[in-house]
Amino acid sequence: MNINICGIKIPEKKAILFSLTKIYGIGINLSKKICKQMNINFQKKAFYLNKNELEYLNNFVKTLIIENDLRILIKENLKRVVNLNSFKSFKHIKKLPCRGQRTKTNAKTRKKMNHEKI
């Protein structure tokens with residue numbers, strides 16, 4: 001069985017710290033902050049959360065930018081950068097690393113990756 005938080009199924013047999021990371025946009029650090037704010041033990045399984053804790057957790061996660069909203073925001077930011085016609089935007093268009101990495105020999109991973117059309 002899985003617990004449903006904001007329409008996302010979370011494994012109930014795992015610790016709440018790790019089960020929250022199944023949500024796109026919530027990493028381990030944000031998961032720790034959420035657990036500290038709610039006064040939940042990190043090792044507590046998601047199955048043992050009571051209804052009040054689940055409700056509070058659900059309401060807290062709804063305030064964050066997660067899942068599809070976050071993906072849309074990232075795509076919009078990338079489109080904005082590409083439209084600037086800067087050095088960084090040309091690197092994005094050519095699908096090369098744009099943060100100063102070497103491209104003569106070590107850019108194989110970036111070239112191979114599946115990219116969305118800009």
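Applying the salt bridge (Lys or Arg N to Asp or Glu O under 4.0 Å) definition to pairs two or more places apart or across chains, those involving residues 46-59 are Lys44-Glu53. Applying the side-chain hydrogen bond (donor to acceptor under 3.5 Å, both in side chains) test to every pair with at least one member in residues 25-41, sequence neighbours left out, gives no pairs at all.
Ile3 and Ile8 fall within the same hydrophobic cluster, where Ile, Leu, Val, Met, Phe, Trp and Tyr residues are linked whenever their side-chain heavy atoms come under 4.5 Å apart, directly or through other members. Placement of Ile10 and Phe60 within a single hydrophobic cluster is found when ILVMFWY residues are connected by side-chain heavy-atom separations under 4.5 Å, directly or transitively. In this structure, Leu70 is not a member of the same hydrophobic cluster as Ile5, with clusters built from ILVMFWY side-chain heavy atoms closer than 4.5 Å. Residues Met38 and Leu49 share a hydrophobic cluster, clusters being chains of Ile/Leu/Val/Met/Phe/Trp/Tyr side chains in contact below 4.5 Å.
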- What do the steps show when you test Leu73 against Asn77 for side-chain contact (heavy atoms from CB on, under 4.5 Å), and what is the final call? CA-CA 6 Å; Leu73 184 69; Asn77 287 341; 4.1 Å; yes
What side-chain donor-acceptor pairs closer than 3.5 Å can you find for residues 15-22, not counting sequence neighbours?
unit_1	atom_1	unit_2	atom_2	d
Ser19	OG	Ala15	O	3.2
Ser19	OG	Ile16	O	3.3
Thr21	OG1	Phe18	O	2.5

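Across Pro11 and Asn2, no two heavy atoms sit closer than the pair CA-OD1, 3.6 Å. For the pair Val61 and Cys6, the tightest heavy-atom approach, listed with the atom from each and the gap, is CG1-SG, 3.7 Å.
Distance check, rounded to the nearest 0.5 Å: CD1 of Ile26 to CD1 of Ile34 gives 4.5 Å. The SG atom of Cys98 sits 13.5 Å away from the CZ atom of Phe90 when rounded to the nearest 0.5 Å. Interatomic distance, Asn59 CG to Leu54 CG, rounded to the nearest 0.5 Å: 11.0 Å. Taking NZ from Lys45 and CD from Glu12, the interatomic distance works out to 11.0 Å, rounded to the nearest 0.5 Å. Atom CZ of Arg71 is separated from atom CD1 of Ile66 by 10.5 Å, given to the nearest 0.5 angstrom. A distance of 11.0 Å separates CG in Asp69 from CG in Leu64, rounded to the nearest 0.5 Å.
Within 6.0 Å of the CZ atom in Phe42, the count of heavy atoms belonging to other residues, nucleotides or ligands exceeds 12. Other residues, nucleotides and ligands contribute more than 12 heavy atoms inside 6.0 Å of the OH atom of Tyr24. More than 12 heavy atoms of other residues, nucleotides or ligands sit less than 6.0 Å from atom CD1 of Ile72.
Under the 3.5 Å distance criterion, the side-chain polar atoms of Asn83 are matched with a main-chain donor or acceptor of Lys79.
Residues passing the side chain to side chain donor-acceptor pair (under 3.5 Å) test with Arg102 are Thr105, sequence neighbours excluded. Residues satisfying the side chain to side chain donor-acceptor pair (under 3.5 Å) criterion with Lys9, sequence neighbours excluded, are absent altogether. Residues satisfying the side-chain contact (heavy atoms from CB on, under 4.5 Å) test with Leu84, not counting sequence neighbours, are Ser86.
His92 places a side-chain heavy atom less than 4.5 Å from the side chain of Leu78.
At a threshold of 4.0 Å, the pair Arg80-Glu76 does not count as salt-bridged, since none of the basic side-chain nitrogens sits closer than that to a carboxylate oxygen.
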